[in-house]
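Before any comments, here is the structure.
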Amino acid sequence: MLLVKDIRDNVATMKASLTKRGWDESKVAILDQIIELDDQRKKMQTLSDAELSKINTLSGEIGQLYKSGKPGEAEALKSQIADIKTTNESYVSQLKEAEEKLETHLLSVPNIPHESVPPGQTEDDNEVYKEWADPLPELDGSPHWDLGTQYNILDFNLGNKIAGAGFPVFRGKGSRLQRALINFFLDESTSAGYEEIVPPLLVNEDTARGTGQLPDKDGQMYYCEKDDLYLLPTAEVPITNIHRGDLLNEGQLPIKLTGYTPCFRREAGSYGAEVKGLNRVHQFDKIEIIQVTTQDKSYETLMQMLNHIEQLLIKLELPYRILRLCGGDLGFTSALTFDFEVYAAAQKRWLEVSSVSNFETYQSNRLKLRYKDQSGKKHLAHTLNGSALALARIIVALLENNQTPEGIVIPDVLRPYTGFDIIN
RNA sequence: GGAAGAAUGGCAGAGCUGGUUUAAUGCACUAGUCUUGAAAACUAGCGUACGUUUACGCGUACCGGGGGUUCGAAUCCCUCUUCUUCCGCCA
């Protein structure tokens, strides 16, 4: 959520930046409405406060009058208060109305794109930030869904039977590969200084609101109505909320957290090759890295995280490229996002395996996550997160790219974790 | 799942038979005095948010969350949440 103060100070530049998300003149006018609503809110609060102040003063006098045995005069003051209350009720209802509208308006405005974000509507307009320099692997191998069946490591029909489409079952060496990747990624995170967290997999409404999944992505989360809990779509949600409401000292920053969780996504409306096999599923495993930083360090931190993720792909020996998302493809809450894609050689397509974002103060404003600088002044923190990495599609690339007539070759770096060097 | 009790500022802990509570007191913290320095002692300061003011300041709200009674609520009532203790169940 944006801050009204920032909107007031930078209306013109914010409007210009929002056009990168494809917002036109009529849409950016909401910023003017927000300022007007805030004016209204302030006006009504001032009026209401004045009435409440009168009531407080008179109530004190009534107390004194009763004490000094003048109940008659006290009664007279009571009737005065009744009138003041009537006046105040009108102010309060106008105040509440302005506050509610202001909140609704603010929630409907996405984060302001960073200056480096390219304009554009769709993923085709994303900027290739780093291209894969070597030639891409060329092979006439099987797609991963066939390999999964061939080696009996991945079973989609079984998933259908137990849960439904989009819930794959791993077995045997497939399961072990999964566990190996989780442990490898977590070890890499923790040795880079991230504290490992095992969070709850179900979260309450306040938590989902804190990181911005609510109200924006309501339909994407699984929801347990009886208990009013949401299955998490990403570990970002519970882990970033660890510091919701906190006032930290600058010395405690940066806070670096990591965690492995399954992720649950309802993911409406796609078809064909896009969702075939493991390309898009309702449940997948992901290791997330999260940082909370001071305002001046966050972009430096973003590049650090980008580098961390890049090293993982290099160690796994997978062809990858890095995209800088254009305004139209940028997530609602993000100011700047880089996507990592790996090349799946059999499908001959790029698959997104990581997304690294700087949310600046957009999340911390809702989270009320602040820090005190050395002079004691309070600032909203900057929050960042990235996948390091998402498993399902990494497995796709490993299976498809590393297939040989003898079997699927496991990259060196994973062998201590799998305990085998080939799946056959 | 059942019963009883509890939730107050960074921490501890009064207030809880409704009206100088602008939430006592202690600890912690910050600044100063003293000291070669430190400790101790002493003095002063010390919650959050919103509004208002050039500024000093002033106003309003906040005692787990929400609602109610009242001229007036930390205090009374309702409700939800969490914690503690006991019982039941259980990996």
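Naming convention: chains lettered A, B, ... in sequence-line order (proteins, then strands); numbering from 1 in each chain. Just so it is clear, the model here is predicted, and its values are computed rather than measured.
Between A/D39 and A/K42, no side-chain nitrogen of the basic residue sits less than 4.0 Å from a carboxylate oxygen of the acidic one, so the salt-bridge criterion is not met. The pair A/K96-A/E99 does not meet the salt-bridge criterion, since no charged nitrogen lies less than 4.0 angstrom from a carboxylate oxygen. Salt-bridge formation is not detected for the pair A/E300/A/K297: no Lys NZ or Arg NE/NH1/NH2 atom is positioned less than 4.0 Å from an Asp or Glu carboxylate oxygen. Comment: A/D32 engages A/K15 in a salt bridge, judged by a side-chain N to carboxylate O separation of less than 4.0 angstrom. A salt bridge links A/E188 and A/K315; the closest N-O separation between the charged side-chain nitrogens and carboxylate oxygens is under 4.0 Å. Ionic pairing of A/D24 and A/K27 is not present here: no N-O contact between side-chain nitrogen and carboxylate oxygen is shorter than 4.0 angstrom.
In the set B/rA49, B/rG72, B/rG19, the nucleotide with an atom closest to the side chain of A/I55 is B/rG72. Of all nucleotides listed (B/rG59, B/rA49, B/rG19), B/rG19 comes nearest to the side chain of A/Y66. Distances from the side chain of A/T46 to the nucleotides B/rU60, B/rC71, B/rG51 place B/rG51 closest.
In this structure, B/rU30 forms a base pair with B/rA44, meeting either the Watson-Crick or the G-U wobble geometry with both donor-acceptor distances under 3.5 Å. B/rC71 and B/rG19 make up a base pair, with Watson-Crick or G-U wobble contacts both under 3.5 Å. Under the Watson-Crick and G-U wobble criteria, each requiring two contacts below 3.5 Å, nucleotide B/rC83 is paired to B/rG5. B/rC50: Watson-Crick or G-U partner is B/rG59, with both key distances under 3.5 Å. B/rA38 is unpaired under the criterion used here, namely a Watson-Crick or G-U wobble arrangement in which both key atom distances are under 3.5 Å.
With P as the reference atom, B/rC11 and B/rG88 are 36 Å apart, rounded to whole Å. The gap from the C1' atom of B/rG5 to that of B/rC42 amounts to 43 Å, rounded to the nearest Å. Going from the C1' atom of B/rC80 to that of B/rA28 covers 34 Å, rounded to whole Å. With C1' as the reference atom, B/rA24 and B/rU8 are 12 Å apart, rounded to whole Å. Comparing the same atom, C1', in B/rC76 and in B/rC27 gives a spacing of 33 Å after rounding to whole Å. Nucleotides B/rC62 and B/rA7 have their C1' atoms positioned 16 Å apart, rounded to a whole Å. Atom C1' of B/rG9 sits at a distance of 9 Å from the matching atom of B/rU48, rounded to the whole Å. The separation of B/rG66 from B/rA61, taken at their P atoms, amounts to 15 Å, rounded to a whole angstrom.
Per the geometry, NZ belonging to A/K43 stands 21 Å off P belonging to B/rU60, to the nearest Å. Rounded to an integer number of Å, the gap from A/K5 NZ to B/rC50 P is 11 Å. B/rA49 atom P lies 14 Å from atom CG of A/L369, rounded to whole Å. Put simply, NZ on A/K42 is 10 Å from C1' on B/rU52, counting in whole angstrom units. Whole-Å rounding puts the A/L3 CG to B/rA49 P distance at 13 Å. Across the protein-nucleic acid pair, A/L52 atom CG and B/rC50 atom C1' stand 13 Å apart, rounded to whole Å. What separates CD of A/E205 from P of B/rG65 is a distance of 18 Å, to the nearest Å. Computed from coordinates, the A/I84 CD1 to B/rC71 P distance equals 13 Å when rounded to whole Å.
The phosphate of B/rG72 (OP1 or OP2) has a side-chain N or O of A/K85 nearer than 4.0 angstrom. Within the 4.0 Å cut-off from OP1 or OP2 of B/rU52, not a single side-chain nitrogen or oxygen of A/R41 is found. Phosphate contact (OP1/OP2 of B/rG72, side-chain N/O of A/N56, threshold under 4.0 Å): absent. For B/rG19, the OP1/OP2 oxygens have no side-chain nitrogen or oxygen of A/S59 closer than 4.0 Å.
Along RNA chain B, the nucleotide nearest to A/L247 and the one nearest to A/K54 differ in position, and the one closer to the 5' end is contacted by A/L247. Sequence order on RNA chain B of the closest nucleotides to A/Q64 and A/A50 puts A/Q64 first from the 5' end.
Using a 3.5 Å distance cut-off with no hydrogens or angles, the side chains of A/S364 and A/R370 do not pair a donor with an acceptor.
Residue A/K378 is in sugar-phosphate contact alone, with no base atom involved, counting any heavy-atom pair closer than 4.0 Å across all strands shown. Nucleic acid contact class of A/I81 (heavy atoms, under 4.0 Å, all strands): sugar-phosphate only.
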